[in-house]
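One structure is given below, encoded as structure tokens.
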Amino acid sequence: METGSPDDTGTAGAAEAAAPREAAGRAGPEREAPVWTGLPPGLLRMRRLLLVVWLGLLTVAAGLLPALFLEPLWSALALLPLALLAWGWTVLERNWRSWRYAERADDLLISRGVLWREETVVPYGRMQLVEVTSGPVERHFGLASVQLHTAAAATDATIPGLDPAEAERLRDRLTELGEARSAGL
């Protein structure tokens, strides 16, 4: 049984022969690298303020209540929420830096996660609804979120903390592209 061609001698010939096979085996045209857009710093400021408010209240409660009702030594429990505050401060920034999105020709990419990296790809033709939401705290900080709904119930396609103008622009663009792609189905 013959395993190679007569001119296929040595490793250089094998490498040259493998290159055209790899190129022919690729499915579809080569994709360009996506242009990623990060989240605005307002989201980080909002989350840090909420962290300081809630853990600040917990620190005060953990320091005052034991000092009033127990021995003053128990007020050292207030150091626990302070340590949690310091840890949360850095974790929030790492999480904020991990969120990004990219608009490509046929789909939207959403990437997030520090330890467990998640990348969601939402084809424009599969989008059913694009919502822009903004709660009271988000509105105070001038932020909005874009929520994408598809036929798949498991799709978690949310982009939090956008500038409201960017969120509306993204909603309009995604809706337009979704209508154009779904019309071709």
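The model shown is predicted, which means the values in this text are computed figures rather than measured ones.
Residues Ile159 and Leu129 do not share a hydrophobic cluster, defined by chaining ILVMFWY side chains whose heavy atoms lie under 4.5 Å apart. In the hydrophobic cluster analysis, where Ile, Leu, Val, Met, Phe, Trp and Tyr join through side-chain heavy atoms closer than 4.5 angstrom, Val53 is grouped together with Trp96. Both Leu49 and Leu51 are part of a single hydrophobic cluster, where members link through side-chain heavy atoms under 4.5 Å apart. If you chain together hydrophobic residues whose side chains sit under 4.5 Å apart, Val137 and Val52 fall into the same group.
Taking CE of Met127 as the start and OG1 of Thr175 as the end, the distance is 8.0 Å to the nearest 0.5 Å. Considering OG1 of Thr133 and CG of Leu143, their distance stands at 11.0 Å, rounded to 0.5 Å. Distance check: Asp163 CG to Leu39 CG gives 12.0 Å after rounding to the nearest 0.5 Å. In this structure, OG1 in Thr37 is found 9.0 Å from CG in Leu170, a value given to the nearest 0.5 Å. Put simply, CG on Leu148 and CD on Glu131 are 9.5 Å apart, with the number rounded to the nearest 0.5 Å. Here the CE atom belonging to Met46 is positioned 11.0 Å from the NE2 atom belonging to His140, to the nearest 0.5 angstrom.
Other members of the cluster containing Val35 do not exist, because no ILVMFWY side chain is joined to it at under 4.5 Å. By the 4.5 Å side-chain criterion applied to Ile, Leu, Val, Met, Phe, Trp and Tyr, Val121 is assigned to a cluster that also includes Trp36, Leu109.
At least one donor-acceptor pair under 3.5 Å links the side chain of Arg48 to the backbone N or O of Trp89. In terms of modelled atom types and a separation under 3.5 Å, the side chain of Tyr101 and the main chain of Ile110 share no donor-acceptor contact. Judged by distance alone, the side chain of Arg117 and the main-chain N or O of Gly113 form a donor-acceptor pair under 3.5 Å. The backbone N or O of Arg104 sits less than 3.5 Å from a side-chain atom of Tyr124, completing a donor-acceptor pair. Side chain of Glu138 to main chain of Gly135: a donor-acceptor pair is present (N/O by atom type, distance under 3.5 Å, no hydrogens or angles). For Arg139 (side chain) and Ser134 (main-chain N/O), a donor-acceptor pair under 3.5 Å exists by modelled atom type.
More than 12 heavy atoms of other shown residues, nucleotides or ligands fall within 6.0 angstrom of atom CZ in Arg169.
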Show, in sequence, the C-alpha distance, side-chain angles and deciding distance for Asn95 and Arg47, and conclude whether the side chain to side chain contact (heavy atoms under 4.5 Å, CB included) test is met.
CA-CA 11 Å; Asn95 181 272; Arg47 288 181 174 174; 3.3 Å; yes
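Side chains of Gln147 and Thr158: a donor on one and an acceptor on the other come within 3.5 Å. Side-chain N/O atoms of Glu118 and Ser111 include no donor and acceptor closer than 3.5 Å.
Contact of the Thr59 side chain with the Leu85 side chain is not registered, since no non-hydrogen atoms from C-beta on lie closer than 4.5 Å. Side-chain contact between Val132 and Arg171: present, with at least one pair of heavy atoms (C-beta onward) separated by less than 4.5 Å. Side-chain contact check for Phe141 versus Leu43: every heavy-atom pair is 4.5 Å or farther apart. Considering only heavy atoms from C-beta on, Thr120 comes within 4.5 Å of Val122 through its side chain.
For Trp87, the side chain to side chain contact (heavy atoms under 4.5 Å, CB included) partners are Leu84, Val91, not counting sequence neighbours.
The residues Arg173 and Glu176 are annotated as not salt-bridged, no charged nitrogen and carboxylate oxygen being separated by less than 4.0 angstrom.
Here the shortest heavy-atom pairing between Pro164 and Ala144 reads CA-CB, 4.1 Å. Minimum interatomic distance between Gly161 and Pro40 (heavy atoms only, all atoms of both residues): O-CG, 2.8 Å.
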